[in-house]
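Here the structure is a predicted model, which is why all the values come from computation and not from measurement.
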Amino acid sequence: MTAVGPLATARELLREFPVVDGHNDLPWALREQVRYDLDARDIATDQSAHLHTDLARLRAGGVGAQYWSVYVRSDLPDAVPATLEQIDCVRQLIARYPQTLSPALTAADMEAARSQGRIASLMGAEGGHSIANSLATLRALYALGVRYMTLTHNDNVDWADSATDEPGVGGLSAFGRAVVREMNREGMLVDLSHVAATTMRDALDASEAPVIFSHSSSRAVCDHPRNVPDDVLERLPSNGGVAMVTFVPKFVLQAAVDWTAAADENMREHGLHHLATTPEAMKVHRAFEERNPRPVATVSTVADHLDHMREVAGVDHIGIGGDYDGTAFTPDGLSDVSGYPNLIAELLDRGWSKPDLAKLTWLNAVRVLGAAEDVARGLQATRAPSNATIESLDG
């Protein structure tokens, strides 16, 4: 009798408890590459030459739910309409592929999609600039289906500090705390990826519901400001939140941090945004890499982060957020959305139990959204929508 290897075991586990991935930037890639021409990037066909994501590879990767990022750059002058275009893109994708993608607004919707063998499709807004300092706009995004908002992206907003900008308000301002409370009231998850550690701590103080990190790793393992310090991870059990490990090499491999800084500067020298993934940008990236071989992260690198995050936060408070189609480079073995079984197999090799892996892939992420819904029902019974303004609270 042939023994079943870890990769086969991983695939079997993912059939029952598929991956909930916290962050995929396919909508932005579609905007950048083809201006939302879904015929030009038909993800029902092989898109490996252009994208990390298509339907066949999602299936191969054991993905059962995906938070599609409706990210727009923080330097866009019209962030709100651009965010609406991103939301529209996700809705078009769901309508175009109804046999595979299922619209999901609630934890119950996620479970229903799993029972039907479809991929629950949720949305997360990446950066508080997408609400333009307006709580009414926040509520409108929720009404359109957005189920988390990352408080900042790479730049500060008027009411919250980013991990990769100079300190502005010292974490969250009074209006920033009002944003968190209104998100709690709506049932929108507070996402603390990208924010400064001061903002993380202030948000944990202010939030009445569990928070998430949709795509962040451990700062103790890789000292990058985009990652989560241990003192914050230690607070997740009392909050009920989930930190979803990301695969981006410059956030998981210490040797990649300096290399990435040089690569980003090279992009700027060529007149390109350092996060661009257009064909022109990728040509510049590849030329730089030929001259300067990049340090390569692996499945094991990511597993090191999960081992540490499990030790500090506990297995009930970790998840997965790959950041596919939002990064130029990926680890070996995790080159696209088909790679999740390789990570699960690595964790099996490290002694992770099947019940713990089920929490990592599916159960924790579903629970945290359901908990946010429960908190919202209670708050809506006792608290009216807030009409506060940034001027009235921050002066």
Side-chain angles (χ1 to χ4, degrees), residues 23-36 49-52 69-79 81-83 85-86 125-130 150-158 160-168 193-197 199 214-217 219 222-227 246-297 301 321-331 335:
H23 195 88
N24 183 303
D25 276 303
L26 175 65
W28 183 258
L30 293 171
R31 175 190 173 102
E32 289 281 274
Q33 292 184 22
V34 293
R35 192 60 195 185
Y36 304 125
H50 307 289
L51 299 165
H52 294 143
S69 175
V70 292
Y71 156 80
V72 301
R73 275 173 35 189
S74 54
D75 59 355
L76 288 183
D78 298 309
T83 302
E85 290 174 0
Q86 289 282 90
E126 190 175 16
H129 58 285
S130 290
T150 322
L151 299 186
T152 74
H153 190 244
N154 287 340
D155 302 313
N156 295 342
V157 294
D158 292 334
D161 286 353
S162 168
T164 48
D165 201 347
E166 294 301 316
S193 287
H194 279 287
V195 306
T199 307
S214 66
H215 58 307
S216 293
S217 296
R219 194 175 299 188
C222 180
D223 188 14
H224 191 287
R226 269 283 282 105
N227 289 334
T246 194
F247 301 164
V248 179
K250 66 182 177 181
F251 303 149
V252 297
L253 183 65
Q254 194 66 50
V257 174
D258 291 341
W259 185 92
T260 301
D264 288 351
E265 182 58 31
N266 179 66
M267 291 287 281
R268 287 187 284 267
E269 288 173 357
H270 284 80
L272 297 165
H273 192 278
H274 70 280
L275 295 177
T277 56
T278 60
E280 179 190 5
M282 293 310 296
K283 182 178 179 180
V284 172
H285 268 307
R286 284 190 290 270
F288 178 83
E289 187 177 3
E290 286 177 6
R291 300 190 305 272
N292 307 274
R294 64 184 173 95
V296 178
T301 311
D323 203 9
Y324 285 116
D325 285 307
T327 178
F329 304 111
T330 54
S335 59

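- Applying the salt bridge (charged side-chain N to carboxylate O under 4.0 Å, His left out) test to R219 and every residue at least two apart in sequence or in another chain returns nothing.
- In this structure, the side chain of R294 does not engage the main chain of T260 through any donor-acceptor pair within 3.5 Å.
- Taking CG from D325 and CG from L26, the interatomic distance works out to 5.5 Å, rounded to the nearest 0.5 Å.
- Between V252 and C222 there is no side-chain heavy-atom pair separated by less than 4.5 Å.
- Rounding to the nearest 0.5 Å places CG of L151 at 12.0 Å from NE2 of H129.
- Remark: the backbone N or O of H23 is not paired with any side-chain donor or acceptor of D323 at under 3.5 angstrom.
- Ring pair F329/W259 is perpendicular by interplanar angle, where above 60° counts as perpendicular and below 30° as parallel.
- For R286, the side chain to side chain donor-acceptor pair (under 3.5 Å) test picks out no residue, with sequence neighbours left out.
- The closest side-chain donor-acceptor pair between S69 and D25 falls under 3.5 angstrom.
- When only modelled atom types and interatomic distance are considered, E32 and H273 share no side-chain donor-acceptor pair under 3.5 Å.
- A distance-only check finds no donor-acceptor pair linking the side chain of H270 to the backbone of L272 [under 3.5 Å].
- By the 30° and 60° cut-offs, the orientation of the rings of Y71 relative to H153 is tilted.
- Here the OG atom belonging to S335 is positioned 11.0 Å from the CZ atom belonging to F247, to the nearest 0.5 angstrom.
- Panel note: side chain T246, backbone S217; no donor-acceptor pair is recorded below 3.5 Å.
- A side-chain donor-acceptor contact under 3.5 Å links N227 to the backbone of F251.
- Contact of the V34 side chain with the H50 side chain is not registered, since no non-hydrogen atoms from C-beta on lie closer than 4.5 Å.
- A donor-acceptor pair under 3.5 Å links the side-chain atoms of S162 to the main chain of N154, judged by distance alone.
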